[in-house]
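Please read all numbers here as calculations on a predicted model, not as lab measurements.
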Amino acid sequence: PSNSAAVQGFRYNARVMAEHIAAAHFGVSPPARAIHPDELVAHLLGEATSGPELWNQRSYLASAVELRDGGWFDAGIQPLAHFVDAAGPDAVAVAVETDSAGDIHPAIYLRTAGRVSEHVLPSDALHRFDTTEHEKQLSELLATFRG
C-alpha cells in the first residue's frame, strides 16, 4: 500500500502537488529532460527498481515519459490515477505494485490516442526489475506502442 500518511510518503505527495500548483497557476514547470529512445527501457526499469517515490507510494505514484514532437521526454513523477484518467500526449508510465498475494512487480501503463492499457511485468525475488527478462518484455511492448 501507499505510505501517504507517513513522512516518507507525504514528502513525495507534497513535491508532486507543489510542482502541479507551480505549473497550473504560475506557469512554472521543471525542464523536460529528453530521453533517447535507446535509453527508454533502462530509464523505466531503473525507476521501477530503485525509484524511492515508486517504492514508498506503490500503486499510487508513477514515473511518466511522454512522446512529444517526435521524441521522448521525462514527464516526472505523477499520481497514477492522473496519468490514467487525464488527457495528454501519448505516453508510458511505470508504477511498482503489490498484488493480492503480496507479490511486488512493475506495471507499465501505455497511453495512446487517449486510451490506456496496463501491462504487468513479472516480479523478482530480489526486486530487480532491470533484468534481461524485463528488458526484453518491455522492449517488445514498447515496439508495438511506437509502431
Side-chain angles (χ1 to χ4, degrees), residues 1-99 102-124 126-131 134-135 137-139 141-147:
S2 73
N3 289 315
S4 292
V7 171
Q8 71 268 25
F10 180 76
R11 66 179 169 179
Y12 299 117
N13 293 350
R15 187 178 80 208
V16 168
M17 180 59 75
E19 288 176 358
H20 172 74
I21 290 170
H25 299 287
F26 301 103
V28 177
S29 297
R33 181 178 67 87
I35 298 176
H36 191 276
D38 293 340
E39 299 170 358
L40 183 59
V41 169
H43 171 78
L44 292 168
L45 295 178
E47 288 287 297
T49 298
S50 59
E53 303 92 343
L54 305 188
W55 277 91
N56 278 292
Q57 295 291 73
R58 288 193 299 271
S59 302
Y60 179 71
L61 293 179
S63 178
V65 179
E66 296 178 346
L67 186 58
R68 293 186 260 143
D69 301 323
W72 291 103
F73 291 88
D74 187 351
I77 302 299
Q78 301 179 8
L80 179 58
H82 173 75
F83 180 87
V84 170
D85 294 339
D90 289 355
V92 58
V94 62
V96 175
E97 299 185 350
T98 306
D99 64 20
D103 201 22
I104 298 172
H105 52 81
I108 304 298
Y109 293 85
L110 300 177
R111 182 174 65 207
T112 183
R115 300 179 71 190
V116 177
S117 60
E118 177 186 16
H119 307 271
V120 177
L121 298 182
S123 64
D124 180 80
L126 298 176
H127 300 153
R128 297 297 314 204
F129 304 130
D130 53 359
T131 67
H134 290 92
E135 288 174 3
Q137 288 186 5
L138 183 53
S139 293
L141 182 63
L142 291 174
T144 62
F145 175 70
R146 289 183 262 193

Which pairs count as side-chain hydrogen bond (donor to acceptor under 3.5 Å, both in side chains) when at least one residue sits in residues 39-51, sequence neighbours excluded?
-> Arg33-His43, Glu47-Ser63
Which residues satisfy the salt bridge (Lys or Arg N to Asp or Glu O under 4.0 Å) test with Glu53, sequence neighbours excluded?
-> Arg15
All heavy atoms of Tyr109 vs all of Ala95, minimum pair found to be CE1-CB, 4.3 Å
Who are the side-chain hydrogen bond (donor to acceptor under 3.5 Å, both in side chains) partners of Thr131, not counting sequence neighbours?
-> His134
Output all residues satisfying salt bridge (Lys or Arg N to Asp or Glu O under 4.0 Å) with Asp130, sequence neighbours left out; order by chain, then residue number.
-> Arg128
Kindly compute the distance separating CD1 (Ile108) from CG (Leu138), expressed to the nearest 0.5 Å.
-> 5.0 Å
Who pairs with Ile21 by side-chain contact (heavy atoms from CB on, under 4.5 Å), at least two apart in sequence or on another chain?
-> Met17, His25, Phe26
What residues, two or more places apart in sequence or in another chain, satisfy side-chain contact (heavy atoms from CB on, under 4.5 Å) together with Ala48?
-> Val94, Val96, Pro106, Phe129
Gap separating the CD atom of Glu66 from the CG atom of Asp90, nearest 0.5 angstrom = 10.0 Å
With sequence neighbours excluded, residues passing side-chain contact (heavy atoms from CB on, under 4.5 Å) with Glu135 | Val41, Leu45
With side chain to side chain contact (heavy atoms under 4.5 Å, CB included) as the test, would you mind laying out the steps for Glu97 and Leu80 before giving the verdict?
-> CA-CA 11 Å; Glu97 299 185 350; Leu80 179 58; 3.7 Å; yes
Do Asp124 side-chain atoms and Leu126 backbone N/O form a donor-acceptor pair below 3.5 Å?
-> yes
Output the distance between atom CG (Leu44) and atom CD1 (Ile35), rounded to the nearest 0.5 Å.
-> 7.0 Å
Below 4.5 Å, heavy atoms only, C-beta onward: do Pro89 and Leu67 meet side chain to side chain?
-> no
Do Val116 and Arg111 pass the side chain to side chain contact (heavy atoms under 4.5 Å, CB included) test, and can you show the C-alpha distance, the side-chain angles, and the key distance before you say yes or no?
-> CA-CA 4 Å; Val116 177; Arg111 182 174 65 207; 3.9 Å; yes
Give, for atom CG of Leu61 and atom CH2 of Trp55, the distance between the pair rounded to the nearest 0.5 Å.
-> 14.0 Å
Which residues pass the side-chain hydrogen bond (donor to acceptor under 3.5 Å, both in side chains) test with Asp103, sequence neighbours left out?
-> Ser123
Counterpart residues, side-chain contact (heavy atoms from CB on, under 4.5 Å), relative to Ala32 (two or more places apart) | Arg68, Phe73
By side-chain hydrogen bond (donor to acceptor under 3.5 Å, both in side chains) - contacts of Gln137 (at least two apart) = none
From Leu110 atom CG to Glu118 atom CD, the distance as rounded to the nearest 0.5 Å = 10.5 Å
Among pairs that include at least one residue of residues 73-86, which meet side-chain hydrogen bond (donor to acceptor under 3.5 Å, both in side chains), considering only residues two or more places apart or in two chains?
-> none
